[in-house]
Amino acid sequence: MLRVYNTLSREKEVFEPVEEGLVKMYVCGLTVQNYSHIGHIRSAINYDVIRRYLEYLGFEVQYISNFTDINEKIVLRAEEEGITPEELADKYAKAFLEDIKELNIRPADMYLRVSENIDEIIEMVQTLVEKGYAYEADGNVYFSVESFEDYGKLSGRTIEDMQAGARIEVKEDKRHPMDFALWKKVEPGKGWESPWGEGWPGWHIECSAMSMKRFGATFDIHGGGTDLIFPHHENEIAQSEAYSGKKFVKYWLHNGTVNLKGEKMSKSVGNFFTTREVLKHFSGEIVRYFLLSRHYGSPIDFSFEQLEEAETAYKRLSNTRKQLAGILTGHIGNNQENKEANNKFSRAIKIRQEEFEEAMDDDFNTARTIGVIHDFAGDINRFINRTGFELNEKNFSLLNEAEEVFMLLADVMGLEFSSAENYANDSELLNSLVDILLDLRESAREEKDWEKADLIRDRLKEVGIVVKDTPRGPKWEISSKLRDEEV
RNA sequence: GGCGGCAUAGCCAAGUGGUAAGGCAGAGGACUGCAAAUCCUUUAUUCGACGGUUCAAAUCCGUCUGCCGCCUCCA
């Protein structure tokens, strides 16, 4: 039974979508003004895994996200780069889609753009004005927080609380300092026509208008970073529920921020690493593994040291996968049946899957899940060692089953455990060349010509190819150091 | 100032009433001509401090200390 932590209730609740079997989830995307950074990626990975697990459980999932392509920053940035705001937004939206591909994040079913939903937004603002929840003042339209009784229910604060320490400069034309803009007046020629003159949508209205347009007044999951709880999501609730008179979102999920030396990465502070920068040094799989090794709700401290550690841990799992793949393409022998070991292993396969589900059912606890996968890898490694690489039919079918389950779990995490192979198999030419050299080295070794054998190994190492002698012949791979220098 | 969160081994990190997952680093072993890599084994009488509730607490309550987030654009 899946339970999720709902920010709205501050409790773990049993997950039951509004419509049986169908989950509608909306995740706040980014303002396409620059390349994505690791904080955005954490969010994207998190909801990607949630989506995958919901599907694993048998739900149909409709996953929608957005690109905010209208705001001052985009205009400024476009001027800097000497292109139009549309071109800028396009450029970074495209870049984001490339980034998430590297990280094996499945794209949303739909990315909604503010610029393509202006009519819906205007309609919504208009209705809010008609219903008395919003008012116009000199070409701007504001939502009146005092008109919405539940204002503050998501972030757990009252209007009075917030006012006490408010740091915002109060705009003259607002009736209440906490009122927020639904529609902003802009200079002629820069905005859209509206009943209140030319302008732009306010920041919060887009998500409400676009999500309700696709999903209806109520949907199941709304996700985003904890830094969006207030004011963004609080305001979304206010305007959406005021508009429809219905509950807006059933489960509010929030992922923790990515920190750098203890402080939140953010565009404004400038203390962030772009996804591209990080991917120059580590594969998407490693980054993904690292980000999933903590519970999604907690903040996570980012550093390259931590990524290196993650890479080592990750390799253990990809080795198990590789070993499994290798042995399953081998011959079936007929070594002796060890019933006890077989039964134990058979049970382990089942138990690991159960543990995995238990961890995921507990608010998508991927940190625990990774522990389970490590335990599972240990089970598999031990079992393979016991067989001495000579499989009988029973071993074979058990390992086959193990591989299936292992990859099923890996798939929910979006991990493939195959990046090392990808690097090694990049070029067929490279493969054959290294094979020739290793053949030469093997004959040298047979003749106990260690000097020649070591020379070959050392020279290969110099160019970044690491040779490993295993009981089943020499293996090689491209070292991670070389990968770093290449890029 | 208001609201919220966190504090678990050298490091990272699960665990929210029943006696401390997992990873990294360290130690030992297997394999090897030697390596490297890999695999196996092992590593917290104890959970920021002090009180309290309980047969039983890292887990609940209170006080204190430290760190962080939000209250302004943010994933």
Side-chain angles (χ1 to χ4, degrees), chain A residues 7 10 12 27-31 33 36-47 65 68 71-73 152 155-158 160-169 178 203 223-232 234 254-259 262-269 272 289-290 293-295 297-301 303 305-306 308-317 319-320 322-323 355 359 362 365-378 380-382 384-386 445 448-451 453-454 457-458 461 466-471 474-477 479:
Chain A
T7 307
R10 297 180 189 279
K12 283 184 195 167
V27 176
C28 280
L30 66 167
T31 303
Q33 54 172 356
S36 71
H37 68 233
I38 291 298
H40 301 128
I41 284 305
R42 182 184 196 196
S43 178
I45 287 177
N46 175 237
Y47 297 106
S65 188
T68 298
N71 75 13
E72 287 95 330
K73 284 182 184 169
S155 53
R157 39 187 114 183
T158 62
E160 297 78 62
D161 283 347
M162 288 181 277
Q163 251 183 294
R167 280 185 270 155
I168 45 168
E169 2 173 327
M178 298 307 296
W203 173 38
T226 51
D227 51 355
L228 294 181
I229 294 173
F230 191 89
H232 188 52
E234 190 70 69
H254 289 98
N255 58 280
T257 53
V258 177
N259 299 163
E263 266 181 46
K264 193 184 88 176
M265 267 192 201
S266 79
K267 282 179 191 167
S268 49
V269 180
F272 61 87
Y289 176 94
F290 167 67
S293 65
R294 278 80 168 159
H295 182 79
S298 322
I300 183 169
D301 216 62
S303 73
E305 289 73 33
Q306 298 253 3
E308 266 167 44
E309 196 181 283
E311 179 168 34
T312 311
Y314 172 85
K315 267 192 179 166
R316 174 166 183 254
L317 302 180
N319 277 324
T320 295
K322 262 193 277 182
Q323 178 149 252
E355 288 173 341
D362 185 14
N365 194 333
T366 56
R368 225 161 98 196
T369 297
I370 283 182
V372 173
I373 295 178
H374 269 282
D375 284 337
F376 193 16
I380 294 168
N381 291 337
R382 276 186 296 274
I384 291 179
N385 285 353
R386 195 174 298 122
R445 291 179 80 210
K448 297 204 188 297
D449 185 352
W450 308 125
E451 233 172 87
D454 288 352
R457 186 175 61 196
D458 293 345
K461 196 177 175 191
V466 180
V467 177
K468 304 180 279 190
D469 292 323
T470 77
K475 301 262 183 205
W476 64 276
E477 66 181 29
S479 76

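The sequence lines fix the lettering, A, B, ..., with proteins before strands; numbering per chain opens at 1. For the numbers below, each heavy atom of this structure counts, side chains included, while hydrogens, waters and symmetry mates do not.
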Touch class at under 4.0 angstrom, heavy-atom based, for Asp227(A) against every strand present:
base
Complementary nucleotide for rU16(B) - Watson-Crick or wobble, under 3.5 Å:
none
Name the nucleic acid region contacted by Glu263(A), choosing base, sugar-phosphate or nothing; use a 4.0 angstrom heavy-atom cut-off, strictly under.
sugar-phosphate
Tell me whether the side-chain N or O atoms of Asp454(A) pair up with the base of rG33(B) as donor and acceptor below 3.5 Å, since no angle test is needed here.
yes
May I ask you to say what Ser155(A) touches in the nucleic acid, namely base, sugar-phosphate or nothing, with a heavy-atom cut-off under 4.0 Å?
sugar-phosphate
Base rC73(B) to side chain Lys73(A), donor-acceptor N/O within 3.5 Å cut-off
yes
Base, sugar-phosphate, or nothing for Asn365(A), non-hydrogen atoms under 4.0 angstrom?
sugar-phosphate
Checking all strands, does Val269(A) fall into the base, sugar-phosphate, or nothing category for heavy-atom contacts under 4.0 angstrom?
nothing
Report which part of the nucleic acid His37(A) touches: base, sugar-phosphate, or nothing (heavy-atom distance under 4.0 Å, all strands).
base
For Ser266(A), which contact category applies under a 4.0 Å heavy-atom criterion: base, sugar-phosphate, or nothing?
base
Over all strands shown, is Arg445(A) touching base, sugar-phosphate only, or nothing at heavy-atom distances under 4.0 angstrom?
base
Along RNA chain B (nearest heavy atom to each residue), the more 5'-positioned of Gly378(A) and His295(A):
His295(A)
OP1 or OP2 of rA75(B) less than 4.0 angstrom from a side-chain nitrogen or oxygen of His40(A), does that happen here?
yes
Report which part of the nucleic acid Gly156(A) touches: base, sugar-phosphate, or nothing (heavy-atom distance under 4.0 Å, all strands).
sugar-phosphate
Can you check whether any acceptor in the base of rA35(B) is under 3.5 Å from a donor in the side chain of Arg457(A), or vice versa?
yes
Under 4.0 Å, counting only non-hydrogen atoms across every strand here, what does Gly29(A) touch: a base, just sugar-phosphate, or nothing?
sugar-phosphate
Using a 4.0 Å heavy-atom cut-off across all strands, classify Arg368(A) as base, sugar-phosphate, or nothing.
base
Sugar-phosphate only, base, or nothing, as touched by Ile229(A) at under 4.0 Å among non-hydrogen atoms:
nothing
Determine whether any donor atom in the side chain of Arg316(A) lies under 3.5 Å from an acceptor atom in the base of rC24(B), or the reverse, and answer yes or no.
no
Less than 4.0 angstrom between a side-chain N/O of Asn385(A) and OP1 or OP2 of rA30(B), yes or no?
no
Does Asn255(A) reach a base, just sugar-phosphate, or nothing at all? Heavy atoms under 4.0 Å.
base
